[in-house]
Amino acid sequence: MEGLVSTRRGERRGSDGRAPRVEQVEITSIGNGGEGVGRLADGRAVFVHRTAPAEVVRIELITMKPRWARGRLLEVLEASPERRDGPCPHYANCGGCTLEHLLYPAQLRAKGRIVADALRRIGGITVEPPNVVPSPAEFNYRNRVSFALHRGARGSVVAGFHALHAPDDIIPIDGACLLPEESIGQVWDRLRAAWGPDARMLPSGERLRLTLRATTHGSVSLLIEGGFSRGRPEELLAAVDGLAAIWHHPEARDPELLAGAPGLPESWGDESFELGGTAFLQVNRAAAAVLEAYVMELAGDVEGQSVVDAYCGIGIHARRLARAGASVTGIELDPTALDVAEGVGADGIRYLNGRVENLLGEALPADLVVLNPPRAGVDPAAIDTLLAEPPGRVIYISCDPATLARDLKRLAGAFHLTDIRCFDLFPQTAHVETVVQLRTRDESAAPES
């Protein structure tokens, strides 16, 4: 099978002159970083990218720790029937995707096991691997993609994703990448062709982060993070068809609009609004719609109830709950997101601008609290507030199984897990969104998947 055998690295020598250690390993599962997991002869867990469960592989050990190791795949000796050749032309060395070598149903099963394993190891909660609802699109689903740009010696420029085994290196990526929506891929190719020698039309600086975001209507904005000078944004905007706005976020300064429209018209479900260059939306609009519908299904009849939408972003859940008859308090730190939320408007809702851990107590008591925190999870102070004045129910939307498990363990003093379902918003990667419902202990039921 093409792609199963990498270059033979066993001939290399380390800094001490000795040949690298090579081992044969059976892969038993996929870890939360997308690496296959096996055991060395000495019992240490070993993590190897581009492998699949039930495979026997030959690896070169590249990192050795007292309890674990990391290896580089040299050869697949016994291939899994769930293996495929990665469809993306950049997959061999790119670190942007980690599971593309697995058939899509196998990716979904791996993610369910990742969630169940995190709940057991970290949270002390035993559940069967939950169902993972597939993304409507396996490829070209991302409406927002971030690329790294590095300026090197003599005017050289490389822009793309970080390398699989060398995160300080950048793999050049063009519009043939299978992650972005089509409009982003097209604008990315035009941008790379237009920014000139040494990318002189972009802000100065050795390293930049370039984020392209597409709207439902196909317009694309560019957010440049890092760097110093403005560059030549007006010329760049004129040269790149489909690019509608350029924003710059230098370190330690607020983002500023360099050229183009301050807000781009966006449609999300039954709502329309304008988004600036820094506001957050889920990257997979079709899969997010499925997840959001499930959250409303879990919420059920909220007529006359008091609801808190914590980490509410631009207020999508908050407004839908308010329109269903709830009295809603939305809490969000980002003032630009709240500007969008308040601009859309809905009766029966108020917004609080600040940290959830500082403002949650002001919003309680409540019948239902919706938590949708960033990857770091819920601040311990917010957990303490929920334990001190528990609502009847909590719906927790998580983008990281480890922090979800940690937070569920902290909440166990007042709540039981009653429902869990996962959603694949990030095909070809090990990331997975999980939605759980918690009830106060005297109302709890058996978990469902």
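The shown structure was predicted, so the numbers you read here are calculated from the model rather than taken from an experiment. All residue numbers in this chain count up from 1 along the given sequence.
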Q: Determine whether Pro130 and Thr434 make a side-chain contact, defined as any pair of heavy atoms from C-beta on separated by less than 4.5 Å.
A: no
Q.
Tell me whether Arg207 contacts the main-chain N or O of Ala148 through its side chain, where contact means a donor paired with an acceptor under 3.5 Å.
A. no
Q: Could you go through the side chain to side chain contact (heavy atoms under 4.5 Å, CB included) check for Ile397 and Phe423 one step at a time?
A: CA-CA 10 Å; Ile397 307 161; Phe423 297 82; over 6 Å; no
(Q) Has Glu55 got a side-chain atom pairing as donor or acceptor with Ala52's backbone, closer than 3.5 angstrom? (A) yes
Q.
Counting only heavy atoms from other residues, nucleotides and ligands, does the tally under 6.0 Å from CD of Glu182 exceed 12?
A. no
Q. Which value, rounded to the nearest 0.5 Å, describes the distance between Asn140 atom CG and Leu179 atom CG?
A. 8.0 Å
(Q) Please evaluate residues Arg84 and Glu100 with respect to the criterion side chain to side chain contact (heavy atoms under 4.5 Å, CB included), reporting the C-alpha separation (whole Å), side-chain torsions for both, the decisive distance (0.1 Å), and the verdict. (A) CA-CA 8 Å; Arg84 68 179 177 187; Glu100 197 176 296; 4.3 Å; yes
Q | Pair listing, ring-ring contact (aromatic ring centres under 6.0 Å, His included) test, anchored in residues 226-250, at least two apart | A | none
Q: Working to the nearest 0.5 Å, report the span between CZ of Phe47 and CD1 of Ile30.
A: 11.5 Å
Q. Are the side chain of Tyr311 and the backbone N or O of Gly330 linked by a donor-acceptor pair below 3.5 Å?
A. no
Q.
I want to check something: taking the side chain as every heavy atom from C-beta on, are Arg83 and Val76 in contact at a cut-off of under 4.5 Å?
A. yes
Q) Would a distance-only check, ignoring hydrogens and angles, find a side-chain to backbone donor-acceptor pair under 3.5 Å from Asn143 to Ala214? A) no
**Q.** Separation between CD1 of Ile383 and CG of Leu411, rounded to the nearest 0.5 Å
**A.** 4.0 Å
Q. Please walk me through it: do Arg213 and Ile184 pass side chain to side chain contact (heavy atoms under 4.5 Å, CB included)?
A. CA-CA 7 Å; Arg213 183 172 63 200; Ile184 291 180; 5.7 Å; no
**Q.** Val378 side chain reached by Tyr396 side chain, heavy atoms, under 4.5 Å
**A.** yes
(Q) Can you confirm whether Met296 sits close enough to Glu292 that some side-chain heavy atom of one is under 4.5 Å from a side-chain heavy atom of the other? (A) no
Q: Flag yes if more than 12 heavy atoms outside Asn32 fall under 6.0 Å of its CG atom; otherwise flag no.
A: no
Q: Work out which heavy atom in Gly227 is nearest to a heavy atom in Pro250; give both atom names and the distance.
A: O-CB, 4.0 Å
Q: Could you tell me whether the side chain of Pro427 reaches within less than 4.5 Å of the side chain of Asn284, counting heavy atoms only?
A: yes
Q: Check the pair Ser267, His217 against side chain to side chain contact (heavy atoms under 4.5 Å, CB included), reporting the backbone distance first and the verdict last.
A: CA-CA 8 Å; Ser267 297; His217 313 291; 3.3 Å; yes
Q: Would you please classify the geometry between the Phe161 ring and the Phe147 ring as parallel, tilted or perpendicular, with 30° and 60° separating the classes?
A: parallel
Q. Is there side-chain contact between Thr215 and Leu275, with at least one heavy-atom pair below 4.5 Å?
A. no
(Q) Are there over 12 heavy-atom neighbours, none belonging to Asp270, within less than 6.0 Å of that residue's CG? (A) yes
Q | Donor-acceptor contact below 3.5 Å, side chain His49 vs main chain Arg72 | A | no
Q: Provide the closest heavy-atom pair for Leu417 versus Val127 in the form atom of the first, atom of the second, distance.
A: CD2-CG1, 4.1 Å
Q. Distance-only, no hydrogens or angles: does the Ser229 side chain make a donor-acceptor pair with backbone N or O of Ser204 under 3.5 Å?
A. yes
Q. Are side-chain heavy atoms of Leu386 and Leu371 found at a separation under 4.5 Å?
A. yes
Q.
So, taking the atom named SG in Cys399 and the one named CG in Leu425, what distance separates them when rounded to the nearest 0.5 Å?
A. 10.0 Å
Q | Inter-residue atom distance Glu362.CD - Thr385.OG1, 0.5 Å rounding | A | 12.0 Å
Q.
Between Arg121 and Asp117, does any side-chain N to carboxylate O distance fall below 4.0 Å?
A. yes
Q) Do the non-hydrogen side-chain atoms of Leu360 and Arg355 ever get within less than 4.5 Å of each other? A) no
Q: Indicate the ring-plane relationship of His431 and Phe426, choosing parallel, tilted or perpendicular according to the 30° and 60° boundaries.
A: perpendicular
Q | salt bridge (charged side-chain N to carboxylate O under 4.0 Å, His left out) partners for Glu274, two or more places apart | A | none
Q: Taking Arg200 for its side chain and Arg232 for its backbone only, find out whether a donor-acceptor pair lies under 3.5 Å.
A: no
(Q) Checking Glu138 against Gln428: is there a side-chain donor and acceptor pair closer than 3.5 Å? (A) yes
Q: Answer with yes or no whether the side chains of His150 and Asp169 bring together a donor and an acceptor at under 3.5 Å.
A: no
Give every donor-acceptor pair under 3.5 Å between a side-chain atom in residues 255-266 and any protein atom, sequence neighbours left out.
from, atom 1, to, atom 2, distance (Å)
Glu256, OE2, Arg253, NH2, 3.3
Glu266, OE1, Thr216, N, 2.9
Glu266, OE1, Thr216, OG1, 2.6

Q. Quick one: OG on Ser29 to CD1 on Ile114, what's the gap to the nearest 0.5 Å?
A. 8.5 Å
**Q.** With Val307, the side chain to side chain contact (heavy atoms under 4.5 Å, CB included) member among Val369, Leu368, Ile395
**A.** Leu368
Q) When you check the gap from the basic side-chain N to the acidic O, do Lys111 and Asp424 get nearer than 4.0 Å? A) yes
Q. With no hydrogens and no angle check, is any side-chain donor or acceptor of Arg144 less than 3.5 Å from a backbone partner on Leu281?
A. yes
Q | Short side-chain to backbone donor-acceptor contact, Arg421 and Leu291, under 3.5 Å | A | no
**Q.** Check: Tyr351 side chain, Cys312 main-chain N or O, donor-acceptor pair, under 3.5 Å
**A.** no
Q: Grab the two heavy atoms, one from Val115 and one from Val432, that are nearest each other, plus how far apart they are.
A: CG2-CG1, 3.7 Å
Q. Leu191 and Val240: which non-hydrogen atoms are nearest, and at how many Å?
A. CA-CG2, 4.0 Å
